Every structure is written in structure tokens, then in C-alpha cells.
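These notes concern the structure reproduced below.
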Amino acid sequence: MDNHAIARVLGEIADLLEIKGENPFKIRAYRAAADTVADSGQAVAALDEAGLRALPGIGKDLAARILELTSTGLVLYHQELLAQFPVTMLDLLRLQGVGPKTAALLYRSLQVASLDELEQAARSGRLRSLKGMGPRKEALILKALEERRQHAGRHLLPDTHDLAAALLAHLREASPGTEFIPVGSLRRGVDTCGDLDVLAIGGEPSLIETFTRYRLVERVLGRGDTKGSVLIRGGYQADLRLVPPDSRGAAMQYFTGSKAHNIALRDRAIARGLKLNEYGLFDLATGLPVAGDTEEGIYQALGLAFVPPELREHRGEIEAAERGTLPRLIERADIRGDLHCHTDATDGRDGIEAMAAAARDAGHEYLAITDHSQALAMSGGLDEARALEHARRVRAIDARMDGIRLLAGIECDIRADGTPDLAADCLAQLDLVIASVHSAFHQDEAQMTARVLRAMDCPWVDVLGHPSGRLLLKRQAVALDMARVIAAAAEHGMALEINSQVDRLDLNDMHARLARVRGVPLVIDTDSHSTGGFGMMRWGVTVARRAWLEAGDVLNTRPLEGLRAGLRRNRNT
DNA sequence: GCCGTTTTCGGCCCGACTGTTTTCAGTCG
């Protein structure tokens with residue numbers, strides 16, 4: 001059982017306890033344990049009781065629950081809770097604006113226990129009969145349901161990656177000699193994936209049976225000699241295709257897509273008297289194969305440089321491949337530091353030194369500590385005095401730590417009127433200031449754009465953090481004129497962030513690409529809230545690659561002094 | 001349910017915002 005599976009059960013227990021109205025601190029304990037397990041670098045299922053209890057926030061009871069789960073596959077306590085509330089109720093909690101109290105009320109008063117039932121209740125006007133509910137709340141819930149429907153069947157890229165890793169482990173165990181390759185939107189690094197496509201190169205037909213017997217398969221949609229298709233728990237469709245070795249490259253190319261990229265490639269093939277399909281590239285006249293065992297061979301035969309999967313969106317990559325002007329895409333190894341993280345001074349879980357050590361272990365040369373400012377009161381946000389005291393502490397630790405340098409920064413809240421949440425003379429004394437929107441998300445575009453532009457006017461703001469504010473599959477981006485924001489960033493010499501949090505990935509690929517074109521420097525940050533968070537950098541790098549970014553476009557690929565010189569505060573003075 | 005040079009009980013983060021309300025409950029981050 002992998003860490004994510006364990007964390008999911010602990011998280012569900014927390015959700016169910018919340019609906020039940022249990023002791024909030026108990027709920028927090030389960031939720032914290034879920035985070036700890038998910039973030040842990042080691043396989044939690046392999047730990048014994050002492051090992052489990054050594055993890056922060058895991059004591060006697062939680063260790064016992066985890067052991068029960070990994071040894072039997074179930075937790076009795078979890079099952080008992082599920083007997084009280086249908087599992088579909090947990091979907092209600094994922095709706096924007098619906099929390100545990102509302103979910104419990106809906107269930108007790110109206111027997112609403114699923115999204116479908118909620119929609120019926122809302123449409124028939126029954127919701128407004130409940131205490132604390134009115135027409136506006138009803139409309140908000142209908143809107144949240146609509147947004148939810150748009151996202152149905154899609155999953156976060158890292159979740160898809162984890163699912164693929166577990167499925168591949170299952171397949172490899174059954175057939176160690178076969179090469180398995182995940183393709184589709186996962187290979188292109190799209191921020192959300194609809195389904196999971198896997199190729200088995202030269203695999204035996206019996207693999208299809210192995211595939212359909214995977215333990216998380218809920219339903220077999222189809223099974224033939226060369227293709228199997230299943231529904232996996234959590235609403236994923238997964239397809240496995242058996243591919244002969246001669247067609248390895250062609251199948252990779254074909255099933256990686258995107259559809260638009262493939263259509264353009266096939267057009268190009270036809271124009272050259274060739275035919276491209278999932279089996280190979282063939283001479284139209286003779287029917288003889290021209291290429292097919294490698295992707296490189298196919299692109300080459302079409303007169304193109306190899307196009308990295310992340311660029312295959314038909315956004316100019318074929319023309320660039322023809323001219324030989326494809327970017328040399330940034331890689332994870334180019335990143336030298338992380339400029340956004342939180343500590344236990346605000347809503348992070350670990351202290352400055354622990355975060356610094358973890359960043360060093362992740363291969364970083366420097367780390368900016370950027371805790372929240374006072375407006376985020378629930379996170380214990382820092383006021384001016386505490387921010388400066390915190391900075392002193394960061395600098396003191398920096399002076400005595402080996403192997404990593406620390407920058408004393410802040411993630412300064414952008415208030416609803418666009419003013420930064422901390423006084424300018426405080427911001428001026430820090431090494432780095434990220435400014436971010438965390439509230440009043442519903443402002444209209446004119447208001448929101450004016451607000452962000454006003455914050456960018458402050459000369460001590462170096463980086464705009466998670467600019468769109470989106471939460472993937474959950475919350476739309478704020479209404480913001482990104483072209484004007486990018487233009488302002490170019491004018492001020494400030495940087496825009498690509499936030500690597502798995503549900504943010506913000507900026508997105510298109511906006512990051514526009515920023516690059518306009519000459520705006522980017523930074524790729526993890527926004528880590530614990531020592532386990534630094535591994536998320538790879539997802540931000542994936543966005544950057546999809547945005548055509550090269551190492552030179554990203555400030556935190558530079559050595560520390562180069563980075564400092566590239567910050568707005570040091571450019572302007 | 002966890003934790004402990006405030007240690008085996010009693011703490012454990014809390015303000016803004018929204019929609020429903022005449023003083024507050026629920027959600028969000």
C-alpha cells in the first residue's frame with residue numbers, strides 16, 4: 001500500500017469525523033497524520049510501530065490504525081464511520097462553499113447524500129427551506145455543481161502520475177521483461193489528465209488479464225487481444241495497449257498526442273508521400289516502413305527535430321522543429337533554489353532549520369523563507385515587528401548553516417484594495433517579497449486587475465505569487481487581465497511565479513509562455529509548507545517546459561548572486 | 001488524537017467574508 005492510499009483513508013476519516021461534528025482537534029490530528037504520510041519520503045507501509053510513532057503527529061492510536069490498514073487493507077474505525085454516512089457524501093465536502101456542517105444538515109434534513117441528490121434539492125427549491133439557507137446560497141451551490149461538472153472525470157497531474165506508478169509496479173511484477181510506457185496527457189505533462197494510457201512494448205496477451213485484475217479496478221470496460229480498458233477507483237479510465245517492438249516509437253508518438261499535434265504531423269506526412277499511424281511511418285507508394293521503432297526516427301523522417309512531449313500541443317512546435325528553433329527546455333537539474341516556503345512561524349509545519357536542511361537535501365543552493373503576512377490571520381500571519389524578528393532569525397540561522405544559503409523574505413498579502421499588507425519600510429528590509437492574493441476572490445476583472453496592478457506598483461514587491469489564484473478542479477482563476485499584469489511586470493522588472501503546488505500550477509503554461517515572450521523573468525517555487533514539499537518542484541518545472549521556458553528564463557536557475565541581481569529591488573537601486 | 005524544561009491533563013491558531021441574519025453560523029485559507 002503506497003503512502004497516498006494510506007493518506008487517503010486517514011483523510012476520509014477526518015472528513016467523516018468532521019461531518020459527525022467530532023472534536024476538532026481529533027479531526028486535525030487525523031488530517032495532520034494524512035499530510036505527514038503523504039509527504040513522507042519513505043514508504044510508510046514498511047514501518048513498524050516504533051517507526052510510525054517517530055513520525056510527527058503520529059502517536060499510539062494513529063500508529064495502530066496505520067498498521068491495521070497496511071496489514072489488513074481496511075480500518076474498522078473507517079468502515080464504521082462509512083456505515084453512518086454514505087461515501088458519496090464526501091463529494092459534497094469538495095464543493096466550493098459546502099463544508100461539514102452543511103453536508104450534515106443536508107443529510108439529516110433532506111437525506112441528501114450525493115451531488116445528484118443535492119442538485120435535485122437545489123433545483124426544486126428545497127434547499128432554501130433549511131435554516132441558514134436562502135436563494136443566494138442555493139444559486140451558489142448550483143454554480144459550484146456546474147463547475148464541478150466541467151471538471152468531472154479529470155484528475156490532477158501528480159495524482160495521475162502516482163496512479164500510473166502503482167499500476168506500472170503491478171504490471172512489472174507480472175511481466176518483468178516488458179517495457180511499460182505511460183503516454184497521453186500524463187506524458188505531455190498537462191495539468192489535469194482525463195484518463196491514463198499505458199503502452200506495453202512486446203508484452204504477452206496475458207498481460208491484458210493481469211491488467212484487468214489490478215486491485216483498484218472497479219469495472220472492466222473492455223478486453224481484447226491487444227487492448228484492455230478499465231475503470232479504476234477514483235473515477236479514472238485506464239487503457240493498456242500491447243505494442244510490437246517495431247512500432248514502439250510510432251505508438252508512443254500516436255498515443256502521446258495531442259490530437260491537434262498528430263493531425264498536423266499526419267498532414268505533413270501526406271505532403272511528403274508518407275502515411276503516419278500508430279504502427280509506423282510508411283511510404284504511400286510502396287507501403288514499406290520508413291520509420292516506427294523510435295520517435296526520433298519518425299520526426300527525423302518528417303524533416304523535424306525531435307519535439308519534446310510537453311510541446312506537442314500544436315502551438316507552433318512543428319514550425320520551430322522544422323526551423324531548428326525549438327527551445328532547449330529547462331530541466332529540474334537547472335533549478336538551484338526555491339524562493340517560496342512557509343515555516344511553523346505561520347502555517348508551515350516545520351522550523352526554519354528543518355526546512356533549510358530539507359531544501360539542501362533536495363539539491364538546492366539557497367532557499368527563501370517566505371511566511372505569511374498579518375492579513376492571513378488564521379495562519380498566524382506576521383505583522384511588521386514579527387516579520388523583522390523572523391528575518392533576524394533566518395539570517396542568524398543562515399550564518400551558521402553549511403551547504404545552503406537562506407534569504408529572509410515574506411509572502412505579503414495583497415489586500416482587497418491592492419495595498420500590500422505590510423508597510424514599505426518593513427518590506428524594504430527583507431531580501432525578497434512575494435505578493436499574493438488570498439482573499440476577496442470574487443472581485444470583477446476591472447477591480448481585480450486594478451488591485452493587482454496597484455500591488456505591483458510597490459517597488460519592494462519582487463514576485464507576484466500564484467497570480468491567477470486558481471485551484472485546479474475546484475476554483476476558477478480570479479478575473480484578472482493577465483496581459484496587463486504581464487506588461488506591468490515587464491515594465492517593473494519584476495518576476496512572476498510558477499507555483500508548483502499540485503492543485504495550483506499557477507501561472508499556467510500559456511501565461512508563463514506569454515510572460516517569457518514579453519521578457520518577464522519567472523521563478524519556479526514549491527510554496528512548501530513542510531519538509532516533504534520540496535519534491536513538488538518537478539511539477540512546476542513541467543509547467544515551465546510546457547511554457548517553452550529555457551533555464552535562462554527562470555531566475556532561480558542562477559547562482560545566488562545572480563539571483564539577487566535579478567530581483568527587482570536590486571535592479572532598480 | 002497528539003504532545004510535554006508550562007509533562008500525564010489541558011491545551012491545541014483565528015480573522016475576513018458571505019449570506020443569513022437582528023447578533024450569528026459556516027466556510028475559507
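Hydrogens, waters and symmetry mates play no part in the numbers below; they use all other heavy atoms, side chains included. Letters go in sequence order (proteins before strands), and every chain restarts at 1. Note that the structure is predicted; figures quoted are calculated from it, not measured.
Atom CZ in A/R53 sits about 8 Å away from atom P in B/dC2, given to the nearest Å. Remark: P of B/dG19 and CG of A/L142 are 14 Å apart, rounded to the nearest angstrom.
In this structure, A/E389 pairs ionically with A/R392, as a charged nitrogen and a carboxylate oxygen lie closer than 4.0 Å. Using a cutoff of 4.0 Å between basic side-chain nitrogens and carboxylate oxygens, A/E12 and A/R8 are not scored as salt-bridged.
If you find the closest nucleotide of DNA chain B to A/T346 and to A/G134, the one lying nearer the 5' end belongs to A/T346.
The same atom, P, is picked in B/dT21 and in B/dG26; the two are 13 Å apart, to the nearest Å. Across B/dC13 and B/dC28, the matching C1' atoms stand 14 Å from one another, rounded to whole Å. B/dT20 and B/dC24 are spaced 8 Å apart, taking the C1' atom of each and rounding to whole Å. Rounded to the nearest Å, the gap between the P atom of B/dT8 and that of B/dC3 is 16 Å. Rounded to the nearest Å, the gap between the P atom of B/dC17 and that of B/dC12 is 26 Å. For the C1' atoms, the distance linking B/dT23 with B/dG19 amounts to 14 Å, nearest Å.
Judged by distance alone, the side chains of A/N499 and A/Q501 never bring a donor and an acceptor atom under 3.5 Å apart. A/H390 and A/D371 are linked by a side-chain donor-acceptor pair at a separation below 3.5 angstrom, with hydrogens and angles left out of the test.
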Provide a list of protein-nucleic acid N or O atom pairs under 3.5 angstrom, restricted to nucleotides 21-26 of chain B.
{"residue": "B/dG26", "atom": "O3'", "partner": "A/T102", "partner atom": "OG1", "Å": "3.1"}

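Using a 4.0 Å heavy-atom distance criterion, A/I27 is classed as making no nucleic acid contact. Among the heavy atoms of the strands, none lies under 4.0 Å from A/R128. As judged by a 4.0 angstrom heavy-atom cut-off over every strand, A/L10 is placed among residues making no nucleic acid contact.
Contacts between residues 11-26 of chain A and DNA chain B, defined by a heavy-atom separation below 4.0 Å, involve A/N23, A/F25, A/K26, listed by number. Near-neighbour residues of DNA chain B inside residues 68-77 of chain A, defined by a heavy atom below 4.0 Å, are absent.
Partners of A/D35 according to the side-chain contact (heavy atoms from CB on, under 4.5 Å) rule, which considers only residues two or more places apart in sequence or in another chain, are A/R349. Not counting sequence neighbours, the partners of A/A359 by the side-chain contact (heavy atoms from CB on, under 4.5 Å) test are A/H364, A/L367, A/I404, A/F534.
Nearest heavy atoms, A/I524 versus A/I335: CD1-CD1, 4.0 Å. Taking every heavy atom of both residues into account, A/A368 and A/C341 meet most closely at O-SG, 3.5 Å.
In secondary-structure terms, DNA chain B builds stems of at least 3 consecutive Watson-Crick or G-U pairs, each pair having both distances under 3.5 Å, at B:1-4 with B:9-12, B:15-19 with B:24-28.
Between A/L81 and A/I13, the closest side-chain pair of non-hydrogen atoms falls below 4.5 Å. Side-chain contact between A/R360 and A/M401 is present, with heavy atoms from C-beta onward closer than 4.5 Å. Side-chain contact between A/V433 and A/V463 is absent, with no heavy atoms from C-beta onward closer than 4.5 Å.
In this structure, A/R336 is not positioned above the aromatic face of A/Y366 in the sense of NZ or CZ being under 6.0 Å from the six-membered ring centre and within 45° of the axis.
Proximity note for A/R28 (side chain, C-beta onward) versus B/dC13, B/dG1, B/dT20: the nearest is B/dC13.
Using the six-membered ring where Trp is involved, A/H529 and A/H342 have ring planes that are parallel, under 30° apart on the 30 and 60° scheme.
Each of A/R546, A/R154, A/R470 was compared with A/D191 under the salt bridge (charged side-chain N to carboxylate O under 4.0 Å, His left out) criterion, and only A/R470 meets it.
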